[in-house]
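Proteins come first, then strands; the chains are lettered A, B, ... in the order of their sequence lines, and each starts at number 1.
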Amino acid sequence: MDEKYDPEKIELKWQSYWDQHGLMKVWEDPGKEKYYLLEMFPYPSGKIHMGHVRNYTIGDVVARYKRMRGFNVLHPMGWDAFGMPAENAAIANRTHPAKWTYENIDNMRHQLKRMGFSYDWDREISTCSPDYYRWEQWLFIKMYERNMVYRKEAYVNWCEHCQTVLANEQVEAGLCWRCSKTVRQKKLEQWFFRITDYAQDLLDYCDKLPGWPEKVITMQKNWIGKSTGAEIRFPIQNPPEGVQGEIPVFTTRPDTLFGATFMVLAPEHPLVSKLVGGTENESVVLDFIDRMATQDRSVRALENYEKEGVFTGSYCINPLSERKMPIYTANFALMEYGTGAVMSVPAHDQRDFEFAQKYGLDIIVVVRPEDRDLDPQNMKEAYTDDGIMVNSGIFNSMRNKDAMEKITDYLSQKGLGRKTVSFRLKDWGISRQRYWGAPIPIIHCKNCGIVPVPEKDLPVVLPENVDLLEGGKSPLPKLEAFTNTSCPACGKSNARRETDTMDTFVESSWYFERYCSPDCHNAIFDRDAVDYWMPVDQYIGGVEHAILHLLYSRYYTRVLHDMGLVKFKEPFTRLLTQGMVCKETVSCMEHGYLFPNQVETSGEHLNCSLCGKPVSIGRVEKMSKSKKNVIDPNVLLEKYGADTTRLFCLFAAPPERDLEWSEQGVEGSFRFLNRVWRFAIASMEEIKDVKAFDGNINELNDELKLLFKKTHETIQKVTNDIEERFHFNTAISAVMELVNALYAMEAEREAGKRVDEKHPERASVLRFVLDTIIILLSPIVPHLSEELWEKTGNRNSVLMAKWPSYREDALAKEELTIVIQVNGKLRSRFTVPADTQDEAIKKLALQDEKALKFIGEKPVKKVIVVKKKLVNIVV
RNA sequence: GCGAAAGUGGCGGAACUGGUAGACGCGCUGGACUUAGGAUCCAGUUCUGGAAACAGAGUGGGAGUUCAAGUCUCCCCUUUCGCACCA
C-alpha cells in the first residue's frame, strides 16, 4: 500500500467528480444565510497568469471555508470580454475579435477548472455577449430618460495619420504607438454619465465602508477631490461683441482676492479665442493654443513643467480692488477643473508667483505672517500660510481664516460671487470610437435629433461581419448596414445609428448583479435573486482597480438604487486588495532580460542559455512579460499540480502583501503535501474502521492527550486566522506544526523510547487528528483532501464536511510555563499547575535558584506578576 | 512636494490587546537509511565569545514613556505605493 502522491491523477479525478455531482451549483435558499464571494473577473487575454492564480486561490479558500461553515455561498466567474487588445490581436493575426476572445475564454476557463476553483460555472457570463450587453443598453436608455446621460464636446487623443482615437496608454511620449506621428487633442461630441451628481454621496459613504482598506478609501477620496471655496465673477473690460461680460473663477482662497493681479485662462477655454479674435494678439495666442493641443497630456503633467503663457490683450476688473487685471492664457490652467479660469494671486500661490516672476507681473501681499512683514520685491516664494489681512480695504487686520467667510458673504450680498464647492471628479466619458465594445443604443434623426432605441429593438447587436482596418479605426461608421436605419420616433428612413461604443468599465460596473440571475431573459436581473444575494460580502482583486472600477461600480449601484431596482447603495461590503506576485529579474549583458528557462546552471554560476555568458540577478519586481520574470501556471500544474500551486500562493505571504515567487518555496510546499500524504497512507489500515476520538481526555495517556490538545489548538488557530484576517500563511504553518507533531510521535516510537503497549484509543485519536488535518486543509488543497478523505474511509465529499469546532476542555492548559525576569531581563522559567495562585507563583519565583543569582545582594524593590505568564523582579 | 504603508536571522515571513523575539517554510551544517540519492527521516541553525555550561548583544538610527517596548510617543534615515501645476 505504498501509493505515491500523484497530483495530476487525483486532481483530474476530483474535478470531474465535483462537476458530475453538481457540487458547485448554488441557488437562492431563504433558509440559509448567504455569502457572496466575488473575485474581479479577468480580461480574456489568452492565458491566466500568476496574479490571477493568487487572486482566485485566495477567493476559493474563503468560498470553500464559508461553505463549510454552513453559508450558502455564491462564487461566480466570468469574462470582461470587450476591449482593445482583441482588436489589436485581430488585426495582427487576421482573425476576428470575437473569435479571438471566445478562444481565449475557452482556454482560460480550462485553466481555471484545472486549478480546482469552486465556481458555479452555470453562472458564467461574457460581457461581449448580446445577452449581457442588451441590459447595459437598456440601462443606458433608462439613464438617458432620467437625464443621467448627456452629450457634450470633449477632447480625445487623435492620430491624424491613422484617423483614429487613441487611449492614453496608446500615446507614447506624444506620439502614436502605431505610426509614431504626433498625436493631437481633438474635440468630438461624446457621451457622458453624470457621476458628479453623486460626488458628495460617494464621498460621504467612504466613511461608511469599514470593510475596505484604508488605502483604497483614501485614494477614492482624493480622486473625488472635494474642495470648498467661492465662485467669483470678474467683469471683462470692454468685452468684444457677443462675448459674455464676465469670467467666473473658482478659488479656495477668497481671502486673497485683493491680491489678485492677473487672470489666467486654460488654453482650451472658449473665451480665449473670442477675446483675441481680430486683434494683434490673435496669431500669437492661437499658435500657443495650437501648440498646447499637440502636447501629450502626460508631458504637460510632468514634474517641474515650465510655466508658460501669453497675454490676450484684454483685461478684467477685480471686483473688490477694482484693479485692472491682464488676462493671460497659460499651460498650468486646466479646463477640466473649476471653471477653467484662475484668479492669480502671486503673493500667496506658488504657481502664480512663478508665473508673475517670469512675466514681470505685479505682486501684492494681502496676508502677512503675524511676526513680520512681507516685501513683494524680495519674496523668494509665495506665502501660503495663514496670517493677518493687509491691503484689503475693510477686511484689513482680520485673520485671513475669518476674512475668507466675510469676503465670500460680502460678494454674495453684492451679487459678485457665492460660496461653492468644487470636485476634481469629472463626469464619466463613456464614448469610445472603437469597434469591440457595446454599441450605444441611440439613433440620430435629421428631424427628431437624438432618439433612444426603443426597448423592443434591443439589443443593438454589434455586427460581426466586418473588416478591421489597419491603424485601429472603427469600421462601424462606414458600415452602412449598421448605420443606416429609420427613426423610431418619426419613422423617416434617413436616420443614422450611433457608432460609438461604451467604455468597458460600464460592463464591469454591474456584472456582479448579473451573476445573481445570469439567464434572466426579461429583465436586467431577477429582483428576488438580487435581493437575496447582493451586496457582495467579500470582493477580492488587485489595487490597480482601487479607483476607477470601484468608483464606477459604486456610482452605478446608486443609479440602480435611485431607479428603485436595488435596495442597497454600496455593492461591496468588504474589500480585499491582494498584493502583486513578484519575482527577481535575470538579465544577460547581450540578451537583456531572460525568461527563467533561459538560464542554465553550471556549478556555482548561472549562465545565459543563448550565449553562455554569466547572468546578473536584478531586483525583485512585479511579474511581467516585458521583464520576463514570469512563471507560467501551466508549467507549475504539470510539475507539481494545482494543490501545490495553491498552497504556495497562500503560504508565501499574507494576501494583502506582495508575494515573492520562489521555486524552492514551491518545492517546500510540495514536500509538505507529500508528508501529509505519506502519513495518511501509512495510517490508513490502523484508522480505517475506527471512529474519531471525542471522549474524556483523561482516558488518554500523556502522549495522546498532548496530540489531542494540539489538534484542538490547531483548529482554533486556523479558524481564527481564516475568519478574522485571511492570514492563510499562519493557518498553514499551524497545520504544519501539527503534522510535525505526528511525525515526532512516530519517530519516538520507532526510536524505541516508548516500548509500552499501544494505547487502546491510539487509533481513534489518530483518526481524529488526520480527519481534522484533512478538513482544515480542504479549502486550501481541495483535491488532496478529497482523496485522503475518501481513502481513510470517509463518505461523501469533504466539501460536505462540517468545519470542526474546538473543545474548550481540550484547550485548557494543565500546566503553565512561568517566565522570571529580573529588571525586565529574562533569567529563568518554571512550570506550575494551571490553578496555582499568583501569590504562590511569586513565592516560587523569589526562591528560584537562577533568579536569586541575578538578584544577588540587591534589595527587591518590587515584584510584578502577570497572570499565567511571568514574574518580573525589580531590584 | 503632499499623503499612506513598511523596515525583524543568509532568505520568505511569525509574534492577537505592551509581557518568553525569530513560529512555519526555504537555505545551510551534521547524522541515519541506502549501490546511490538532489528521495526520506532525525538533529542543529539570530549574532559575538566559549568545547560546553553560560554570558553579552539584538527587531533601520537616536531619544523618551514603562517594572517591562518589535509593539506606545517624538525626531531622523531608507524603501515601496498613491496623488501631484486642482486654482
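Straight-line distance from the CD atom of Q821(A) to the P atom of rU20(B): 8 Å, rounded to whole Å. For the pair F679(A) CZ and rU40(B) P, the interatomic distance rounds to 17 Å; values are reported in whole Å.
Phosphate contact (OP1/OP2 of rC41(B), side-chain N/O of R671(A), threshold under 4.0 Å): absent. Put simply, R351(A) has a side-chain N or O that comes within less than 4.0 Å of OP1 or OP2 on rC86(B). Regarding contacts with the backbone of rA55(B), a side-chain N or O of K853(A) is found under 4.0 angstrom from either OP1 or OP2.
Using a 4.0 Å heavy-atom cutoff across all strands shown, K825(A) reaches sugar-phosphate atoms only and no base atom. In this structure, V866(A) reaches the bases: a heavy-atom distance under 4.0 Å links it to at least one base atom across the strands shown. As judged by a 4.0 angstrom heavy-atom cut-off over every strand, D352(A) is placed among residues making no nucleic acid contact. Contacts of N872(A) with the nucleic acid, taken as non-hydrogen atoms under 4.0 Å apart, include base atoms. Counting any heavy atom pair closer than 4.0 Å across all strands shown, K221(A) reaches no nucleic acid atom. N720(A) comes within contact range of no nucleotide atom at all, as no heavy-atom separation falls under 4.0 Å. Residue S662(A) is classed as having no contact, given no heavy-atom separation below 4.0 Å to the nucleic acid. Residue contacts shown for Y743(A) are limited to sugar-phosphate atoms, with no base heavy atom under 4.0 Å away.
Pair assignment for rG56(B): rC47(B), on the basis of Watson-Crick or G-U wobble contacts that are both within less than 3.5 Å. Across all strands shown, rU17(B) has no partner, as no Watson-Crick or G-U wobble contact with both distances under 3.5 Å is found. Shown here, rA39(B) forms no base pair; nothing in the strands shown gives a Watson-Crick or G-U wobble contact with both key distances under 3.5 Å. Across all strands shown, rC24(B) is found opposite rG12(B) as a Watson-Crick or G-U wobble partner, with both distances under 3.5 Å. Pair check for rC74(B) finds rG62(B); Watson-Crick or G-U wobble, both atom distances under 3.5 Å.
Rounded to a whole angstrom, the distance from the C1' atom of rA32(B) to that of rU20(B) is 33 Å. Comparing the same atom, P, in rC83(B) and in rA14(B) gives a spacing of 27 Å after rounding to whole Å.
Closest contact between the side chain of V342(A) and the listed nucleotides rG12(B), rA87(B), rU20(B) involves rA87(B). Closest to the side chain of K215(A), out of rC81(B), rG25(B), rU40(B), is rC81(B). In this structure, of rA23(B), rC85(B), rC67(B), it is rC67(B) that holds the atom nearest to the side chain of V874(A). Closest contact between the side chain of R725(A) and the listed nucleotides rA57(B), rA15(B), rA55(B) involves rA15(B). Considering only the side chain of L826(A), rU20(B) comes nearest among rC24(B), rU20(B), rU40(B). Among rC85(B), rA55(B), rA15(B), the nucleotide with an atom closest to any side-chain atom of F854(A) is rA55(B). Looking at the side chain of R657(A), the nearest of the listed nucleotides rC26(B), rG12(B), rG13(B) is rG13(B). For R424(A), taking side-chain heavy atoms from C-beta onward, the closest of the listed nucleotides rA23(B), rA14(B), rC83(B) is rC83(B).
Within the 4.5 Å cutoff, no side-chain heavy atoms of F728(A) are placed close to those of T57(A).
Screening F670(A), F672(A), Y5(A) for a ring-ring contact (aromatic ring centres under 6.0 Å, His included) involving W677(A) leaves a single residue, Y5(A).
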